Protein chains: 2
Amino acid sequence: MLRLSKLTDYATVILSFMARDKAQVHAAMEIAAVTGIALPTVSKILKLLVNAKVLISTRGAKGGYVLARTPEEISIATVISALEGPIALTECSISHQGCEQASGCDIGGNWSLINQTIHNALESVTLADLIRPAAIPEEVFVPVASLYR
Amino acid sequence: MLRLSKLTDYATVILSFMARDKAQVHAAMEIAAVTGIALPTVSKILKLLVNAKVLISTRGAKGGYVLARTPEEISIATVISALEGPIALTECSISHQGCEQASGCDIGGNWSLINQTIHNALESVTLADLIRPAAIPEEVFVPVASLYR
DNA sequence: TAATTGAGGACTATTCTAGTCCTATTTAAT
DNA sequence: ATTAAATAGGACTAGAATAGTCCTCAATTA
């Protein structure tokens, strides 16, 4: 199903909440209470987002987390790779180590193009887009095939 | 990592092989030998592809599998959903059942747009594209953000 | 009728994910 | 200084999903 992990899903919920109330420091406990996600899980996600420099943390009493950038500057691609590592559909696309398919694996080049296409799609959607009221899906235009001439 | 399952990966290898030699019937055993993938696994994949009407099978001696359509008419999206079910990044995108996130889950609408974008990207790439020599990734153009106005 | 090949489904083992918890570190307030 | 409130980092467990195998039945050809 080409699915995103549950943690990534949670991350978007958390970030959406923070984006609506930016420039304010939120403690993990507060976020857990608001979103309904269990505290340890929230903690784990927040730590990953700090490592990816999506959030900035402050320790100690009155500490907490803030967005490192504006919602417009945080892409969905960034969030996904923070939680799940590099965005790539196949192992091959990351490293060609251990690709033991004797024949048939000349397809690497084109896969990487597909990967890049999807990456670009996710890169072009930001947190700001997510918290906006739902857009009407219309005129979705992705001319990938044309690239192959 | 937004990853595709290994089986899907195998499927593209198998289909690539068959596409290079279309209109010819290939037995599962032959495909296993050529691709280096274990026979039971190959079998499993071929069955799924038949169910999805990507392949046509013939039973009995001299039986085997052929592509149901030309490589140009078989999209990557079709292959992926044959192996992994509907293409969607989040559970929510498929059914809104059991979405228990109290607040913060107004984001459904925009997620579905992202899903559709990715779906379109995968729909526009065909098997024929995959077996072509690698394209130079350049001028990949996916204007998603613009959709949000 | 025998040999070959796919259909269908059950089953197992392994890997991955989700989720929890513990200890150390940092900061603020008293 | 000391205590309380937070995050950092990592280890650990349980459960779910995936990969992979195997067995029996059905169909076709020679």
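Since the structure is predicted, the reported quantities are computational estimates derived from the model, not experimental observations. Atoms considered below: every heavy atom in the structure, side chains included; atoms not considered: hydrogens, waters and symmetry mates. A, B, ... follow the sequence lines: proteins, then strands. Residue 1 opens every chain.
When the nucleotides dA7(C), dA18(C), dA19(D) are ranked by their closest atom to the side chain of Ser57(B), dA7(C) comes out on top.
Rounded to whole angstrom, the span from the CG atom of Leu4(A) across to the P atom of dC16(C) amounts to 18 Å. With rounding to whole Å, Leu7(B) atom CG is found 15 Å from dC16(C) atom C1'. Rounded to whole Å, the distance from CG on Leu48(A) to C1' on dT7(D) is 14 Å. Distance Ile45(B) CD1 to dG8(C) P: 17 Å, rounded to the nearest Å. Regarding Asp9(A), its CG atom lies at a distance of 13 Å from the C1' atom of dA18(C), rounded to whole Å. In this structure, NZ of Lys44(A) is placed 13 Å from P of dG10(D), rounded to the nearest angstrom. Atom C1' of nucleotide dA5(D) and atom CG of Leu39(A) are separated by 13 Å, given to the nearest angstrom. Rounding to whole angstrom units, CD of residue Glu30(A) and P of dA6(D) are separated by 10 Å.
Side-chain N/O atoms of Ser43(A) include none lying less than 4.0 angstrom from OP1 or OP2 on dT7(D). Side-chain nitrogen and oxygen atoms of Ser5(A) include none within less than 4.0 Å of the OP1 or OP2 phosphate oxygen of dC16(C). Listed pair Tyr10(A) / dA18(C) fails the phosphate criterion, with no side-chain N or O lying under 4.0 Å from OP1 or OP2. Checking the phosphate oxygens (OP1, OP2) of dA8(D), no side-chain nitrogen or oxygen of Asn51(A) falls inside 4.0 Å.
Applying the 3.5 Å distance criterion, the base of dG6(C) shares no donor-acceptor pair with the side chain of Lys47(B).
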For this session: Walk me through it: do Glu72(B) and Asp129(B) pass the test side-chain contact (heavy atoms from CB on, under 4.5 Å)?
Result: CA-CA 8 Å; Glu72(B) 285 77 17; Asp129(B) 297 321; over 6 Å; no
Exercise. Could you walk me through whether Leu127(A) and Glu73(A) pass the side-chain contact (heavy atoms from CB on, under 4.5 Å) check?
Worked result: CA-CA 8 Å; Leu127(A) 198 50; Glu73(A) 291 168 329; over 6 Å; no
For this session: Take Leu67(A) and Leu55(A) through the side-chain contact (heavy atoms from CB on, under 4.5 Å) test and state the conclusion after the steps.
Result: CA-CA 5 Å; Leu67(A) 295 185; Leu55(A) 297 179; 3.6 Å; yes
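Among the protein residues, Lys6(A) comes within range of the sugar-phosphate backbone only, with heavy atoms under 4.0 Å from sugar or phosphate atoms but none that close to a base.
Residues Val34(A) and Ile14(A) share a single hydrophobic cluster, defined by chaining ILVMFWY side chains whose heavy atoms lie under 4.5 Å apart.
Without hydrogens or angle criteria, Glu84(B) side chain to Leu4(B) main chain gives no donor-acceptor distance under 3.5 Å.
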Between the protein and nucleotides 3-5 of chain C, list every N/O to N/O distance that falls short of 3.5 Å.
unit_1: dT4(C); atom_1: O2; unit_2: Ala61(B); atom_2: N; d: 3.1
unit_1: dT5(C); atom_1: O4'; unit_2: Gly60(B); atom_2: O; d: 3.2
unit_1: dT5(C); atom_1: O2; unit_2: Gly60(B); atom_2: N; d: 3.3

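With sequence neighbours excluded, the residues forming a side-chain contact (heavy atoms from CB on, under 4.5 Å) with Thr41(A) are Leu7(A), Tyr10(A), Ile37(A), Ala38(A), Ile45(A), listed by chain and number.
Atom CD1 of residue Ile31(B) and atom OG of residue Ser43(B) lie 9.0 Å apart, to the nearest 0.5 angstrom.
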